[in-house]
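Working notes, structure below.
Keep in mind that this is a model prediction, so the values were computed, not measured.
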Amino acid sequence: MPKTEPIKAVRGVRDILPEERGLWRVAEQAAARVAHRFGYREIETPIIERRELIERGVGEDSDAATKELYRFEDRGGRQLALRPEATASVVRAYFEGGLNQGPQPARLYLMGPMFRYDRPQKGRYRQFFQFDIEAIGGSSPALDAEVIEVARAWLFEVGLKELTLELNTIGDSICRPAYLDLLRAYYRPFKSRLHSECQHRVEVNPLRLLDCKVPQCQPFKADAPRITDHLCEPCALAWKTVRQLLDAAGIEYHLNPYLVRGLDYYTRTVFEFYPAGSTGSQDALASGGRYDGLAAALSWESTPGVGFAGGLDRVTELMATEGEQVITEPAAEVIVLPDGDLVAEAAEVARLIRTVRSAAVDYEPRSLRAKMRAADKQQAKWAVLFSAENAKQHKVQLRDMRTGEQVEVSWPELPERLLPD
Ligand code: AMP
């Protein structure tokens, strides 16, 4: 038989090994704790959705839909996609699950994997994980401030306190069209000096000209009209209220007129959290905003909503570099080491120990010495050794791996001897 290559993981995705998983759990538990503290309840939605939902949710013309979407046809010929973000799914579930009939707004959170067929690089994966918060069915600007506070509280809780909050508004369907005309008119004379994608954006999606990172497009931004000078009255009031509420909460922010979203259903508040001192090229830790047009874009009843998505991959990477203690998954505290073929007896001894502590059995056919070495490597606190002779008398040798002290103990005594202090 020809030797074939061992099968490896798919490009752009990765394993989170037990050594790292503990840190992830800290981030996830903090997310759940903070979400609950603000009255948000957990929801799970499927990883697969109808392609239409996702394409309308991320915008059919956007990069995320055209290039980055994992799409496929199932065996029944259904057009499906792996979710690239959670908001469209959560909004769908809000209606399908009748949450729109309950108290409003519905405060929901979700944690799970998202999929984007992006070019993999450090910090950017094709499967990555988000903590997602959505407040659906409320239009109060206080909710915008609230979700910002939730995001910040989560990042604080995992020890990331040196943050920059970038904030902007992008108006709504009342005031934005006129502003976009102004922006187009401003950019048209410079069109030939913009990079090719931006040339296209002038007519199609002028708001995205503002967050372009390509050097040749930068000089035109400073004099571009700003939407904050062209808001309708309700948007201007909401914008003022959000800032006042953030001020009252002691949350510092940086007004960034170039922070935008390219899709029509996004309205008013947009925000992003970055590690303090990061350059603009770095990716955000969390980003969010209001999407009052999304429900209608999905053909549900028009319903306002606001939320954010935080990236668990980035957050845990930063936690690790900020010196957050490495928290590995604990291995068994007690290792049961039968000397010889004493499988049933070893299993029984382990079962007794598990009433008080975690225990695993070394079933490998190797010498007791080799088993001891393995137990040591696993940093077990105790080893429980026994021979066939011991087993007959229902006895074991209980060894404290730290001190090397060893005492003979009867099986029924074991749980008591191993009681956690
Ligand atoms: P977005 O849904 O694009 O606004 O992203 C929200 C957050 O998810 C970002 O701030 C990142 O932390 C994280 N994120 C987005 N895309 C990726 C990716 N490809 N790999 C890892 N994290 C990501």
Side-chain angles (χ1 to χ4, degrees), residues 28-29 31-60 62 64-65 68-74 76 78-116 127-140 143-144 146-148 150-151 154 261 263-270 286-312:
E28 289 163 0
Q29 286 177 343
R33 223 171 24 245
V34 169
H36 287 137
R37 199 184 296 150
F38 282 79
Y40 286 71
R41 299 162 75 207
E42 188 167 24
I43 182 169
E44 290 269 5
T45 66
I47 284 163
I48 48 173
E49 292 279 2
R50 287 168 59 166
R51 206 162 110 185
E52 270 180 286
L53 177 99
I54 304 295
E55 285 183 339
R56 284 206 242 156
V58 294
E60 277 160 71
S62 76
E68 297 179 5
L69 197 61
Y70 273 94
R71 24 174 143 191
F72 61 99
E73 190 179 292
D74 77 1
R78 293 175 197 87
Q79 299 300 316
L80 304 179
L82 298 182
R83 64 181 182 193
E85 50 122 58
T87 310
S89 306
V90 174
V91 168
R92 177 194 56 65
Y94 162 88
F95 288 104
E96 273 194 278
L99 299 174
N100 58 330
Q101 308 293 333
Q104 302 298 305
R107 289 181 163 91
L108 303 166
Y109 80 91
L110 177 148
M111 262 182 273
M114 308 294 155
F115 303 84
R116 293 183 196 171
Q127 173 178 303
F128 59 98
F129 293 79
Q130 286 186 340
F131 165 41
D132 191 68
I133 281 276
E134 311 291 353
I136 308 173
S139 54
S140 168
L143 285 172
D144 305 40
E146 178 178 291
V147 300
I148 291 173
V150 175
W154 173 52
R261 299 277 181 263
L263 304 173
D264 283 347
Y265 61 73
Y266 283 110
T267 50
R268 298 185 178 170
T269 310
V270 282
S287 72
R290 184 163 273 287
Y291 47 84
D292 291 352
L294 177 58
L298 302 177
S299 306
W300 292 97
E301 190 185 324
S302 172
T303 304
V306 61
F308 77 84
L312 280 155

If you measure from CZ on Arg116 to OH on Tyr70, what distance do you get to the nearest 0.5 Å? 12.0 Å
Only residue of Glu49, Glu134, Glu52 satisfying salt bridge (charged side-chain N to carboxylate O under 4.0 Å, His left out) with Arg92 is Glu49
Nearest 0.5 Å, please: how far is CD1 in Ile54 from CG in Leu298? 9.0 Å
For Tyr94 and Ile43, what are the C-alpha separation, side-chain angles and deciding distance, and is it a side-chain contact (heavy atoms from CB on, under 4.5 Å)? CA-CA 10 Å; Tyr94 162 88; Ile43 182 169; over 6 Å; no
Reported CD-to-CZ distance for the pair Glu68 and Phe115, which is rounded to 0.5 angstrom: 14.0 Å
For Arg56 and Ser299, work out which heavy atoms get closest and say how close. NH1-OG, 2.8 Å
Identified side-chain contact (heavy atoms from CB on, under 4.5 Å) counterpart of Pro105 within the set Thr303, Leu143, Val306: Leu143
Do you see a donor-acceptor pair shorter than 3.5 Å between the side chains of Glu146 and Tyr40? yes
I need the Arg50 CZ to Gln79 CD distance, nearest 0.5 Å. 10.5 Å
Can you check side-chain contact (heavy atoms from CB on, under 4.5 Å) on Phe38 and Ile133, steps first, answer last? CA-CA 11 Å; Phe38 282 79; Ile133 281 276; over 6 Å; no
Whether Arg261 side chain and Gly288 backbone form a donor-acceptor pair below 3.5 Å: yes
Steps toward side-chain contact (heavy atoms from CB on, under 4.5 Å) verdict (Tyr109, Val34): CA-CA 10 Å; Tyr109 80 91; Val34 169; over 6 Å; no
CG-CG distance between Leu53 and Leu80, expressed to the nearest 0.5 angstrom: 11.5 Å
Do the side chain of Gln104 and the main chain of Gly102 share a donor and acceptor less than 3.5 angstrom apart? yes
Does any N or O in the side chain of Asp132 come within less than 3.5 Å of the main-chain N or O of Gly310, such that one atom is a donor and the other an acceptor? no
Look at atom CG of Asp292 and say whether more than 12 heavy atoms of other residues, nucleotides or ligands are closer to it than 6.0 Å. yes
Just by modelled atom types, is the Thr267 backbone N or O under 3.5 Å from a matching donor or acceptor in the Arg290 side chain? no
Under 3.5 Å: donor-acceptor pair, side chain of Arg83, backbone of Pro113: yes
Side-chain heavy atoms of Ile136 within contact of Leu99, under 4.5 Å: no
Quick one, Val150 and Phe308 - any side-chain contact, counting heavy atoms below 4.5 Å? yes
Has Arg37 got more than 12 heavy atoms of other residues, nucleotides or ligands less than 6.0 Å from its CZ? yes
Mind running side-chain contact (heavy atoms from CB on, under 4.5 Å) on Asp74 and Ile48 for me, showing each step along the way? CA-CA 11 Å; Asp74 77 1; Ile48 48 173; over 6 Å; no
Just wondering, are more than 12 heavy atoms of other shown residues or ligands nearer than 6.0 Å to CZ in Arg78? no
Anything under 30° is parallel, anything over 60° is perpendicular, the rest tilted; go ahead and classify Trp300 against Phe95. parallel
Which pair of heavy atoms, one from Ala93 and one from Thr45, lies closest together, and at what distance? CB-CG2, 4.0 Å
Can you confirm whether more than 12 heavy atoms, excluding those of Glu73, are under 6.0 Å from its CD atom? yes
dist Phe129:CZ -> Met111:CE (nearest 0.5 Å) comes out at 12.0 Å
